[in-house]
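Below, chain A is the first sequence line, B the second, and so on; all start at residue 1.
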Number of protein chains: 2
Amino acid sequence: MNTKEKIFDVSLDLFSKRGYDSVSLREIAEEVGIKKSSIYSHYSSKEAILMDIFEYFTDLFEYDDLINSKELVLSEDNDVLIENPELFYHMGSEAIRGMFKEERNLKIWKLIFIQMHYNEKIRNFFQKEMLLKPLIFWENFFAILKEKGIIRADSNPQLLAKEYYSFPIFLLLEICAKYDDIPESCLDDFFKQAEEHARFLLDCVKVK
Amino acid sequence: MNTKEKIFDVSLDLFSKRGYDSVSLREIAEEVGIKKSSIYSHYSSKEAILMDIFEYFTDLFEYDDLINSKELVLSEDNDVLIENPELFYHMGSEAIRGMFKEERNLKIWKLIFIQMHYNEKIRNFFQKEMLLKPLIFWENFFAILKEKGIIRADSNPQLLAKEYYSFPIFLLLEICAKYDDIPESCLDDFFKQAEEHARFLLDCVKVK
DNA sequence: GTCTATAAACTGATAGAC
DNA sequence: GTCTATCAGTTTATAGAC
(Lines give C-alpha, C1' and ligand atoms only; values in the text may rest on other atoms or scores of the structure.)
Protein backbone atom coordinates (compact mmCIF):
# COMPACT_ATOMS: atom_id res chain seq x y z
CA MET A 1 0.00 0.00 0.00
CA ASN A 2 1.42 3.38 -0.98
CA THR A 3 1.41 6.49 1.18
CA LYS A 4 -1.62 8.07 -0.45
CA GLU A 5 -3.69 4.95 0.19
CA LYS A 6 -2.45 4.91 3.78
CA ILE A 7 -3.55 8.53 4.21
CA PHE A 8 -6.91 7.61 2.72
CA ASP A 9 -7.47 4.67 5.05
CA VAL A 10 -6.20 6.34 8.21
CA SER A 11 -8.28 9.43 7.51
CA LEU A 12 -11.40 7.39 6.86
CA ASP A 13 -10.84 5.43 10.04
CA LEU A 14 -10.44 8.54 12.19
CA PHE A 15 -13.17 10.55 10.44
CA SER A 16 -15.69 7.72 10.80
CA LYS A 17 -14.99 7.49 14.52
CA ARG A 18 -14.88 11.13 15.54
CA GLY A 19 -16.04 13.21 12.58
CA TYR A 20 -14.09 15.31 10.13
CA ASP A 21 -13.61 18.45 12.20
CA SER A 22 -12.38 16.69 15.33
CA VAL A 23 -9.49 15.06 13.51
CA SER A 24 -6.35 17.12 12.84
CA LEU A 25 -3.82 16.63 10.07
CA ARG A 26 -1.21 16.12 12.74
CA GLU A 27 -3.05 13.02 14.00
CA ILE A 28 -3.45 11.60 10.53
CA ALA A 29 0.23 12.14 9.78
CA GLU A 30 1.26 10.54 13.07
CA GLU A 31 -0.90 7.48 12.45
CA VAL A 32 0.46 7.10 8.91
CA GLY A 33 3.99 7.60 10.15
CA ILE A 34 4.91 10.74 8.21
CA LYS A 35 5.21 14.46 8.93
CA LYS A 36 2.15 16.56 8.45
CA SER A 37 3.73 18.64 5.73
CA SER A 38 4.24 15.43 3.74
CA ILE A 39 0.48 15.00 3.41
CA TYR A 40 0.53 17.93 1.00
CA SER A 41 2.61 15.86 -1.39
CA HIS A 42 -0.49 13.73 -1.89
CA TYR A 43 -3.47 15.91 -1.04
CA SER A 44 -3.83 19.64 -1.52
CA SER A 45 -5.83 20.13 1.67
CA LYS A 46 -7.61 18.36 4.49
CA GLU A 47 -10.90 18.70 2.66
CA ALA A 48 -9.37 17.10 -0.44
CA ILE A 49 -8.97 13.89 1.59
CA LEU A 50 -12.61 13.98 2.59
CA MET A 51 -13.68 14.61 -0.99
CA ASP A 52 -11.47 11.79 -2.24
CA ILE A 53 -13.14 9.37 0.17
CA PHE A 54 -16.47 10.74 -0.90
CA GLU A 55 -15.70 10.38 -4.61
CA TYR A 56 -14.53 6.81 -4.14
CA PHE A 57 -17.94 6.11 -2.66
CA THR A 58 -19.82 8.08 -5.33
CA ASP A 59 -18.15 6.01 -8.04
CA LEU A 60 -19.29 2.86 -6.29
CA PHE A 61 -22.85 4.07 -6.53
CA GLU A 62 -22.60 4.80 -10.21
CA TYR A 63 -21.40 1.24 -10.73
CA ASP A 64 -24.32 0.00 -8.67
CA ASP A 65 -26.72 1.99 -10.80
CA LEU A 66 -25.59 -0.02 -13.81
CA ILE A 67 -25.96 -3.34 -12.02
CA ASN A 68 -29.35 -2.42 -10.69
CA SER A 69 -30.80 -1.23 -13.95
CA LYS A 70 -29.43 -4.32 -15.68
CA GLU A 71 -31.00 -6.68 -13.17
CA LEU A 72 -34.25 -4.80 -13.30
CA VAL A 73 -34.37 -5.05 -17.09
CA LEU A 74 -33.43 -8.72 -16.85
CA SER A 75 -36.33 -9.40 -14.55
CA GLU A 76 -38.65 -7.76 -17.01
CA ASP A 77 -37.39 -9.78 -19.92
CA ASN A 78 -37.61 -13.25 -18.47
CA ASP A 79 -39.85 -14.83 -15.96
CA VAL A 80 -37.32 -16.06 -13.48
CA LEU A 81 -39.04 -14.15 -10.71
CA ILE A 82 -42.40 -15.70 -11.44
CA GLU A 83 -40.94 -19.16 -11.35
CA ASN A 84 -39.02 -18.49 -8.20
CA PRO A 85 -40.06 -15.33 -6.35
CA GLU A 86 -37.96 -16.45 -3.39
CA LEU A 87 -34.97 -15.21 -5.38
CA PHE A 88 -36.23 -11.84 -4.32
CA TYR A 89 -35.31 -12.65 -0.75
CA HIS A 90 -31.72 -12.37 -1.67
CA MET A 91 -31.66 -9.45 -4.07
CA GLY A 92 -31.76 -6.78 -1.42
CA SER A 93 -29.52 -8.45 1.09
CA GLU A 94 -27.06 -9.44 -1.63
CA ALA A 95 -26.93 -5.85 -2.88
CA ILE A 96 -26.21 -4.83 0.71
CA ARG A 97 -23.69 -7.62 1.12
CA GLY A 98 -21.90 -6.39 -1.99
CA MET A 99 -21.83 -2.89 -0.60
CA PHE A 100 -20.49 -3.94 2.80
CA LYS A 101 -18.17 -6.81 2.03
CA GLU A 102 -15.55 -4.04 2.03
CA GLU A 103 -15.20 -2.85 5.62
CA ARG A 104 -14.20 0.47 4.11
CA ASN A 105 -17.70 1.06 2.74
CA LEU A 106 -19.38 0.56 6.08
CA LYS A 107 -17.04 3.17 7.54
CA ILE A 108 -17.97 5.56 4.77
CA TRP A 109 -21.65 5.07 5.53
CA LYS A 110 -20.96 6.00 9.12
CA LEU A 111 -18.90 8.99 8.03
CA ILE A 112 -21.76 10.16 5.83
CA PHE A 113 -24.22 9.79 8.71
CA ILE A 114 -21.94 12.01 10.79
CA GLN A 115 -20.78 14.48 8.21
CA MET A 116 -23.93 15.19 6.20
CA HIS A 117 -25.01 17.71 8.81
CA TYR A 118 -21.92 19.79 8.14
CA ASN A 119 -21.34 19.39 4.42
CA GLU A 120 -23.82 20.41 1.73
CA LYS A 121 -22.34 18.10 -0.89
CA ILE A 122 -22.46 15.03 1.33
CA ARG A 123 -25.93 15.91 2.50
CA ASN A 124 -27.23 16.14 -1.06
CA PHE A 125 -25.55 12.87 -1.93
CA PHE A 126 -27.09 11.14 1.05
CA GLN A 127 -30.52 12.45 0.20
CA LYS A 128 -30.38 11.63 -3.47
CA GLU A 129 -28.27 8.49 -3.73
CA MET A 130 -28.90 6.82 -0.41
CA LEU A 131 -32.55 7.70 0.17
CA LEU A 132 -34.31 8.89 -2.97
CA LYS A 133 -32.78 6.65 -5.65
CA PRO A 134 -32.99 3.38 -3.72
CA LEU A 135 -36.63 4.12 -2.94
CA ILE A 136 -37.34 4.71 -6.63
CA PHE A 137 -35.52 1.51 -7.55
CA TRP A 138 -37.51 -0.57 -5.08
CA GLU A 139 -40.73 1.11 -6.09
CA ASN A 140 -40.11 0.06 -9.70
CA PHE A 141 -39.22 -3.37 -8.51
CA PHE A 142 -42.45 -3.84 -6.58
CA ALA A 143 -44.42 -2.37 -9.47
CA ILE A 144 -43.05 -5.14 -11.70
CA LEU A 145 -43.86 -7.82 -9.13
CA LYS A 146 -47.37 -6.41 -8.95
CA GLU A 147 -47.76 -6.28 -12.73
CA LYS A 148 -46.64 -9.87 -13.04
CA GLY A 149 -49.10 -10.99 -10.41
CA ILE A 150 -46.46 -12.15 -7.96
CA ILE A 151 -47.68 -9.81 -5.25
CA ARG A 152 -51.25 -8.83 -4.50
CA ALA A 153 -53.11 -6.53 -6.89
CA ASP A 154 -53.96 -4.07 -4.10
CA SER A 155 -50.29 -3.58 -3.19
CA ASN A 156 -48.89 -0.05 -3.06
CA PRO A 157 -45.38 -0.15 -4.60
CA GLN A 158 -44.40 3.20 -3.10
CA LEU A 159 -45.31 2.11 0.40
CA LEU A 160 -43.68 -1.28 -0.09
CA ALA A 161 -40.46 0.37 -1.24
CA LYS A 162 -40.26 2.29 2.01
CA GLU A 163 -41.35 -0.73 4.04
CA TYR A 164 -38.54 -2.65 2.43
CA TYR A 165 -35.77 -0.08 2.57
CA SER A 166 -36.39 1.50 5.97
CA PHE A 167 -35.48 -1.72 7.75
CA PRO A 168 -31.84 -2.10 6.64
CA ILE A 169 -31.29 1.64 7.10
CA PHE A 170 -32.53 1.26 10.65
CA LEU A 171 -30.12 -1.62 11.16
CA LEU A 172 -27.28 0.54 9.89
CA LEU A 173 -28.25 3.32 12.25
CA GLU A 174 -28.24 0.82 15.11
CA ILE A 175 -24.75 -0.31 14.16
CA CYS A 176 -23.42 3.24 13.77
CA ALA A 177 -24.87 4.20 17.15
CA LYS A 178 -23.51 1.12 18.87
CA TYR A 179 -19.98 0.83 17.57
CA ASP A 180 -17.13 3.24 17.38
CA ASP A 181 -15.13 0.71 15.47
CA ILE A 182 -17.54 -1.52 13.60
CA PRO A 183 -16.54 -5.20 14.05
CA GLU A 184 -16.88 -7.48 11.06
CA SER A 185 -18.80 -9.93 13.21
CA CYS A 186 -21.83 -7.65 13.32
CA LEU A 187 -22.26 -7.96 9.56
CA ASP A 188 -23.44 -11.56 9.79
CA ASP A 189 -26.19 -10.52 12.14
CA PHE A 190 -27.03 -7.61 9.87
CA PHE A 191 -27.45 -9.90 6.84
CA LYS A 192 -29.44 -12.40 8.85
CA GLN A 193 -31.88 -9.73 9.97
CA ALA A 194 -32.11 -8.19 6.52
CA GLU A 195 -33.01 -11.55 5.01
CA GLU A 196 -35.55 -12.28 7.70
CA HIS A 197 -37.13 -8.92 6.96
CA ALA A 198 -37.25 -9.56 3.20
CA ARG A 199 -38.79 -12.97 3.76
CA PHE A 200 -41.41 -11.53 6.09
CA LEU A 201 -42.34 -8.70 3.75
CA LEU A 202 -42.66 -10.84 0.63
CA ASP A 203 -44.65 -13.39 2.59
CA CYS A 204 -47.04 -10.61 3.59
CA VAL A 205 -47.78 -9.45 0.07
CA LYS A 206 -47.24 -12.37 -2.27
CA VAL A 207 -50.15 -14.13 -3.89
CA LYS A 208 -50.53 -17.47 -2.17
CA MET B 1 -39.94 34.41 27.97
CA ASN B 2 -36.97 35.03 30.26
CA THR B 3 -33.35 35.22 29.19
CA LYS B 4 -32.48 31.66 30.20
CA GLU B 5 -35.33 30.27 28.12
CA LYS B 6 -34.23 32.44 25.22
CA ILE B 7 -30.70 31.06 25.49
CA PHE B 8 -32.16 27.56 25.57
CA ASP B 9 -34.27 28.07 22.47
CA VAL B 10 -31.69 29.94 20.43
CA SER B 11 -29.02 27.38 21.30
CA LEU B 12 -31.28 24.47 20.39
CA ASP B 13 -32.17 26.13 17.12
CA LEU B 14 -28.55 26.75 16.14
CA PHE B 15 -27.23 23.42 17.48
CA SER B 16 -29.89 21.46 15.59
CA LYS B 17 -28.96 23.20 12.36
CA ARG B 18 -25.19 23.17 12.50
CA GLY B 19 -24.13 21.00 15.43
CA TYR B 20 -22.80 21.93 18.85
CA ASP B 21 -19.18 22.61 17.98
CA SER B 22 -19.88 24.88 15.01
CA VAL B 23 -21.91 27.31 17.09
CA SER B 24 -20.09 29.87 19.21
CA LEU B 25 -21.30 31.56 22.38
CA ARG B 26 -20.94 34.88 20.60
CA GLU B 27 -23.51 33.81 18.01
CA ILE B 28 -25.92 32.59 20.64
CA ALA B 29 -25.55 35.81 22.60
CA GLU B 30 -26.06 37.93 19.48
CA GLU B 31 -29.20 36.04 18.54
CA VAL B 32 -30.55 36.37 22.08
CA GLY B 33 -29.59 40.05 22.17
CA ILE B 34 -27.08 40.02 25.01
CA LYS B 35 -23.29 39.90 25.36
CA LYS B 36 -21.57 36.54 25.48
CA SER B 37 -20.34 36.94 29.04
CA SER B 38 -23.94 37.40 30.15
CA ILE B 39 -24.66 33.80 29.25
CA TYR B 40 -22.63 32.85 32.30
CA SER B 41 -25.24 34.45 34.53
CA HIS B 42 -27.51 31.57 33.49
CA TYR B 43 -25.29 28.70 32.44
CA SER B 44 -21.96 27.69 33.90
CA SER B 45 -20.57 26.65 30.52
CA LYS B 46 -21.45 26.06 26.90
CA GLU B 47 -21.77 22.36 27.57
CA ALA B 48 -24.22 23.09 30.38
CA ILE B 49 -26.61 24.49 27.76
CA LEU B 50 -26.37 21.30 25.73
CA MET B 51 -26.92 19.18 28.83
CA ASP B 52 -29.90 21.29 29.85
CA ILE B 53 -31.51 20.68 26.47
CA PHE B 54 -30.67 17.03 26.78
CA GLU B 55 -32.12 16.74 30.31
CA TYR B 56 -35.34 18.43 29.23
CA PHE B 57 -35.64 15.68 26.66
CA THR B 58 -34.64 12.90 29.07
CA ASP B 59 -37.38 13.97 31.46
CA LEU B 60 -39.89 13.75 28.64
CA PHE B 61 -38.89 10.15 28.11
CA GLU B 62 -39.28 9.26 31.75
CA TYR B 63 -42.78 10.65 31.62
CA ASP B 64 -43.45 8.66 28.48
CA ASP B 65 -42.26 5.49 30.18
CA LEU B 66 -45.05 5.88 32.70
CA ILE B 67 -47.67 6.48 30.03
CA ASN B 68 -46.47 3.54 28.01
CA SER B 69 -46.42 1.05 30.84
CA LYS B 70 -49.85 2.25 31.93
CA GLU B 71 -51.36 1.80 28.50
CA LEU B 72 -49.75 -1.56 28.12
CA VAL B 73 -51.18 -2.77 31.42
CA LEU B 74 -54.54 -1.31 30.47
CA SER B 75 -54.60 -3.30 27.29
CA GLU B 76 -53.90 -6.45 29.29
CA ASP B 77 -56.72 -5.77 31.70
CA ASN B 78 -59.54 -5.17 29.30
CA ASP B 79 -60.29 -6.46 25.87
CA VAL B 80 -60.63 -3.22 24.00
CA LEU B 81 -57.97 -4.32 21.55
CA ILE B 82 -59.76 -7.55 20.71
CA GLU B 83 -62.97 -5.71 20.03
CA ASN B 84 -61.27 -3.05 18.00
CA PRO B 85 -57.71 -3.90 16.95
CA GLU B 86 -57.81 -0.91 14.61
CA LEU B 87 -57.17 1.23 17.69
CA PHE B 88 -53.67 -0.06 17.32
CA TYR B 89 -53.33 1.98 14.15
CA HIS B 90 -53.29 5.08 16.23
CA MET B 91 -51.25 4.05 19.24
CA GLY B 92 -47.90 4.43 17.57
CA SER B 93 -48.65 7.49 15.54
CA GLU B 94 -50.36 9.16 18.48
CA ALA B 95 -47.35 8.49 20.69
CA ILE B 96 -45.24 10.08 17.97
CA ARG B 97 -47.69 12.93 17.54
CA GLY B 98 -47.49 13.62 21.27
CA MET B 99 -43.72 13.69 21.07
CA PHE B 100 -43.60 16.04 18.09
CA LYS B 101 -46.48 18.39 18.67
CA GLU B 102 -43.78 20.54 20.27
CA GLU B 103 -41.55 21.75 17.47
CA ARG B 104 -38.80 21.86 20.07
CA ASN B 105 -38.76 18.09 20.42
CA LEU B 106 -38.27 17.49 16.72
CA LYS B 107 -35.28 19.80 16.83
CA ILE B 108 -33.86 17.83 19.76
CA TRP B 109 -34.23 14.61 17.79
CA LYS B 110 -32.21 16.17 15.01
CA LEU B 111 -29.63 17.46 17.47
CA ILE B 112 -29.27 13.98 18.94
CA PHE B 113 -28.82 12.50 15.45
CA ILE B 114 -26.00 14.99 14.88
CA GLN B 115 -24.40 15.06 18.29
CA MET B 116 -24.45 11.41 19.32
CA HIS B 117 -21.26 10.83 17.35
CA TYR B 118 -19.41 13.31 19.52
CA ASN B 119 -20.90 12.86 22.97
CA GLU B 120 -20.86 9.62 24.94
CA LYS B 121 -23.83 10.55 27.11
CA ILE B 122 -26.04 11.45 24.16
CA ARG B 123 -24.95 8.38 22.30
CA ASN B 124 -25.87 6.09 25.18
CA PHE B 125 -29.19 7.83 25.56
CA PHE B 126 -29.94 7.40 21.89
CA GLN B 127 -29.07 3.74 22.00
CA LYS B 128 -30.98 2.93 25.13
CA GLU B 129 -33.99 5.25 25.11
CA MET B 130 -34.57 5.79 21.42
CA LEU B 131 -33.64 2.37 20.03
CA LEU B 132 -33.54 -0.33 22.68
CA LYS B 133 -36.45 0.64 24.94
CA PRO B 134 -38.97 1.37 22.19
CA LEU B 135 -38.13 -1.96 20.57
CA ILE B 136 -38.73 -3.75 23.85
CA PHE B 137 -41.98 -1.89 24.34
CA TRP B 138 -43.28 -2.85 20.90
CA GLU B 139 -42.07 -6.41 21.31
CA ASN B 140 -44.17 -6.72 24.45
CA PHE B 141 -47.04 -5.12 22.66
CA PHE B 142 -46.97 -7.58 19.78
CA ALA B 143 -46.51 -10.46 22.20
CA ILE B 144 -49.81 -9.46 23.84
CA LEU B 145 -51.58 -9.19 20.49
CA LYS B 146 -50.28 -12.65 19.65
CA GLU B 147 -51.34 -14.10 22.98
CA LYS B 148 -54.83 -12.69 22.56
CA GLY B 149 -55.12 -14.15 19.09
CA ILE B 150 -55.39 -10.79 17.36
CA ILE B 151 -52.36 -11.46 15.21
CA ARG B 152 -51.29 -14.75 13.72
CA ALA B 153 -49.89 -17.47 15.96
CA ASP B 154 -46.72 -17.78 13.88
CA SER B 155 -45.86 -14.08 14.35
CA ASN B 156 -42.45 -13.14 15.69
CA PRO B 157 -42.94 -10.23 18.13
CA GLN B 158 -39.26 -9.27 18.04
CA LEU B 159 -39.23 -9.01 14.27
CA LEU B 160 -42.56 -7.19 14.23
CA ALA B 161 -41.27 -4.65 16.76
CA LYS B 162 -38.42 -3.77 14.44
CA GLU B 163 -40.69 -3.85 11.37
CA TYR B 164 -42.93 -1.43 13.15
CA TYR B 165 -40.38 0.94 14.63
CA SER B 166 -37.83 1.15 11.81
CA PHE B 167 -40.32 2.92 9.55
CA PRO B 168 -40.94 6.10 11.58
CA ILE B 169 -37.23 6.31 12.40
CA PHE B 170 -36.51 6.19 8.70
CA LEU B 171 -39.04 8.99 8.15
CA LEU B 172 -37.29 11.06 10.81
CA LEU B 173 -33.94 10.46 9.17
CA GLU B 174 -35.43 11.60 5.86
CA ILE B 175 -36.71 14.78 7.47
CA CYS B 176 -33.44 15.52 9.25
CA ALA B 177 -31.51 15.00 6.01
CA LYS B 178 -33.87 17.14 3.98
CA TYR B 179 -34.46 20.16 6.18
CA ASP B 180 -32.16 22.53 7.91
CA ASP B 181 -35.10 24.18 9.54
CA ILE B 182 -37.87 21.61 9.86
CA PRO B 183 -41.20 23.13 8.72
CA GLU B 184 -44.30 22.23 10.68
CA SER B 185 -46.02 21.31 7.43
CA CYS B 186 -43.88 18.20 7.04
CA LEU B 187 -45.36 16.76 10.23
CA ASP B 188 -48.73 16.12 8.63
CA ASP B 189 -47.08 14.06 5.93
CA PHE B 190 -45.06 12.27 8.57
CA PHE B 191 -48.17 11.27 10.51
CA LYS B 192 -49.99 10.25 7.36
CA GLN B 193 -47.16 7.93 6.36
CA ALA B 194 -46.76 6.55 9.87
CA GLU B 195 -50.47 5.66 9.99
CA GLU B 196 -50.38 4.08 6.55
CA HIS B 197 -47.46 1.98 7.70
CA ALA B 198 -49.22 0.86 10.88
CA ARG B 199 -52.34 -0.04 8.91
CA PHE B 200 -50.31 -2.03 6.40
CA LEU B 201 -48.38 -3.93 9.05
CA LEU B 202 -51.39 -4.86 11.14
CA ASP B 203 -53.25 -5.91 8.02
CA CYS B 204 -50.35 -8.22 7.18
CA VAL B 205 -50.35 -10.07 10.48
CA LYS B 206 -53.84 -9.88 11.92
CA VAL B 207 -56.08 -12.91 11.97
CA LYS B 208 -58.76 -12.38 9.36
C1' DG C 1 -28.80 42.00 49.19
C1' DT C 2 -29.58 39.45 45.31
C1' DC C 3 -29.85 38.88 40.50
C1' DT C 4 -28.46 40.12 35.89
C1' DA C 5 -25.62 42.30 32.35
C1' DT C 6 -21.30 43.82 30.73
C1' DA C 7 -16.41 45.06 30.10
C1' DA C 8 -12.02 43.49 30.31
C1' DA C 9 -8.74 40.20 30.66
C1' DC C 10 -6.98 35.41 30.53
C1' DT C 11 -5.95 30.95 28.20
C1' DG C 12 -5.49 27.72 24.55
C1' DA C 13 -5.92 26.53 19.85
C1' DT C 14 -5.39 27.68 15.14
C1' DA C 15 -4.25 30.04 10.74
C1' DG C 16 -1.41 32.86 8.02
C1' DA C 17 2.69 35.65 7.14
C1' DC C 18 7.25 35.77 7.00
C1' DG D 1 9.95 27.30 12.30
C1' DT D 2 8.69 31.42 14.54
C1' DC D 3 5.78 35.33 15.15
C1' DT D 4 1.46 37.34 15.15
C1' DA D 5 -3.44 37.90 14.85
C1' DT D 6 -7.61 35.99 15.79
C1' DC D 7 -11.16 33.58 17.85
C1' DA D 8 -12.83 30.24 21.02
C1' DG D 9 -14.55 29.46 26.00
C1' DT D 10 -13.99 31.11 30.42
C1' DT D 11 -13.19 34.09 34.67
C1' DT D 12 -13.39 38.19 37.36
C1' DA D 13 -14.76 42.64 38.77
C1' DT D 14 -18.16 45.91 38.64
C1' DA D 15 -22.37 48.47 37.79
C1' DG D 16 -27.18 48.79 37.89
C1' DA D 17 -32.14 47.06 38.68
C1' DC D 18 -35.32 45.30 41.72
Side-chain angles (χ1 to χ4, degrees), chain A residues 3-4 6-8 10-54 111 114-122 180, chain B residues 1-58 104 107-108 110-125 180-181:
Chain A
T3 306
K4 187 166 183 173
K6 270 188 205 159
I7 295 171
F8 183 103
V10 166
S11 300
L12 172 55
D13 189 61
L14 295 174
F15 291 166
S16 72
K17 279 178 192 157
R18 309 207 319 267
Y20 174 77
D21 290 313
S22 316
V23 176
S24 70
L25 283 178
R26 209 186 93 262
E27 274 177 287
I28 295 169
E30 245 167 46
E31 194 70 28
V32 173
I34 56 176
K35 298 287 169 214
K36 101 174 173 180
S37 54
S38 309
I39 291 177
Y40 287 90
S41 308
H42 305 280
Y43 287 105
S44 61
S45 67
K46 186 183 171 189
E47 209 186 340
I49 305 175
L50 180 64
M51 285 303 124
D52 194 33
I53 291 171
F54 181 59
L111 174 56
I114 299 175
Q115 208 54 33
M116 66 168 172
H117 305 288
Y118 300 97
N119 186 306
E120 195 70 16
K121 225 171 170 176
I122 293 180
D180 221 50
Chain B
M1 203 194 293
N2 65 33
T3 306
K4 186 166 184 173
E5 285 174 321
K6 272 188 205 158
I7 295 171
F8 183 104
D9 277 343
V10 166
S11 299
L12 173 54
D13 189 61
L14 295 174
F15 290 165
S16 72
K17 279 178 191 155
R18 311 206 319 267
Y20 173 79
D21 290 312
S22 316
V23 176
S24 71
L25 287 177
R26 199 180 47 78
E27 275 177 287
I28 294 169
E30 245 167 46
E31 194 70 29
V32 172
I34 55 175
K35 300 294 171 197
K36 77 173 177 176
S37 56
S38 308
I39 292 175
Y40 287 86
S41 302
H42 304 278
Y43 287 104
S44 62
S45 69
K46 186 185 175 190
E47 210 186 341
I49 304 175
L50 179 64
M51 286 303 124
D52 194 32
I53 292 170
F54 181 60
E55 269 159 38
Y56 161 84
F57 199 60
T58 311
R104 183 183 271 191
K107 281 185 185 174
I108 299 180
K110 190 173 176 202
L111 173 56
I112 288 175
F113 270 139
I114 299 175
Q115 210 53 34
M116 68 169 171
H117 305 286
Y118 300 97
N119 186 306
E120 195 69 16
K121 227 172 169 175
I122 293 181
R123 190 179 174 139
N124 289 337
F125 176 81
D180 222 49
D181 221 336

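- Pairs of residues two or more places apart, or lying in two chains, that qualify as salt bridge (Lys or Arg N to Asp or Glu O under 4.0 Å) and include a residue from residues 19-32 of chain B are B:Arg18-B:Glu27, B:Arg26-B:Glu30.
- Here salt bridge (Lys or Arg N to Asp or Glu O under 4.0 Å) pairs that include residues 1-15 of chain B, with residues two or more places apart or in two chains, are B:Asp9-B:Arg104, B:Asp13-B:Lys17, B:Asp13-B:Lys107.
- Every residue two or more places apart in sequence or in another chain that forms a ring-ring contact (aromatic ring centres under 6.0 Å, His included) with B:Tyr56 is listed here: B:Phe8.
- A search for side chain to side chain donor-acceptor pair (under 3.5 Å) contacts involving B:Asn124 returns nothing, not counting sequence neighbours.
- Here the straight-line distance linking atom OG of B:Ser24 with atom NZ of B:Lys46 works out to 7.0 Å at 0.5 Å rounding.
- For the segment residues 3-14 of chain B, the set of residues with a heavy atom within less than 4.0 Å of an atom of DNA chain C comprises B:Thr3, in numerical order.
- Listed for the A:Tyr20 side chain is no donor-acceptor partner under 3.5 Å among the backbone atoms of A:Leu111.
- Residues A:Ser16 and A:Ile114 approach most closely at O-CD1, 3.5 Å, considering heavy atoms.
- For the segment residues 45-53 of chain B, the set of residues with a heavy atom within less than 4.0 Å of an atom of DNA chain D comprises B:Ser45, B:Lys46, in numerical order.
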Just list the side-chain donor-acceptor pairs under 3.5 Å for residues 32-44 of chain B, sequence neighbours left out, or say none.
residue : atom : partner : partner atom : Å
B:Ser38 : OG   : B:Lys35 : O            : 3.3
B:Ser41 : OG   : B:Ser38 : O            : 3.3
B:Tyr43 : OH   : B:Asp52 : OD2          : 2.6

At a cut-off of 3.5 Å, list every protein nitrogen or oxygen paired with a nitrogen or oxygen from nucleotides 6-8 of chain C, distance to 0.1 Å.
residue : atom : partner : partner atom : Å
C:dT6   : OP2  : B:Lys35 : N            : 3.0
C:dT6   : OP2  : B:Ser38 : OG           : 3.1
C:dA7   : N7   : B:Ser37 : OG           : 3.2
C:dA7   : N6   : B:Ser37 : OG           : 3.3

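- Applying the side-chain hydrogen bond (donor to acceptor under 3.5 Å, both in side chains) test to every pair with at least one member in residues 111-120 of chain B, sequence neighbours left out, gives no pairs at all.
- The distance from atom CG of B:Leu12 to atom CD1 of B:Ile28, rounded to the nearest 0.5 Å, is 10.5 Å.
- Take A:Phe54 and apply the ring-ring contact (aromatic ring centres under 6.0 Å, His included) test, not counting sequence neighbours, and it matches A:Phe125.
- Scanning DNA chain D 5' to 3' for nucleotides with an atom closer than 4.0 angstrom to a non-hydrogen atom of chain B gives a first and last hit of D:dA8 to D:dT11.
- For the segment residues 22-29 of chain B, the set of residues with a heavy atom within less than 4.0 Å of an atom of DNA chain D comprises B:Val23, B:Ser24, B:Leu25, B:Arg26, in numerical order.
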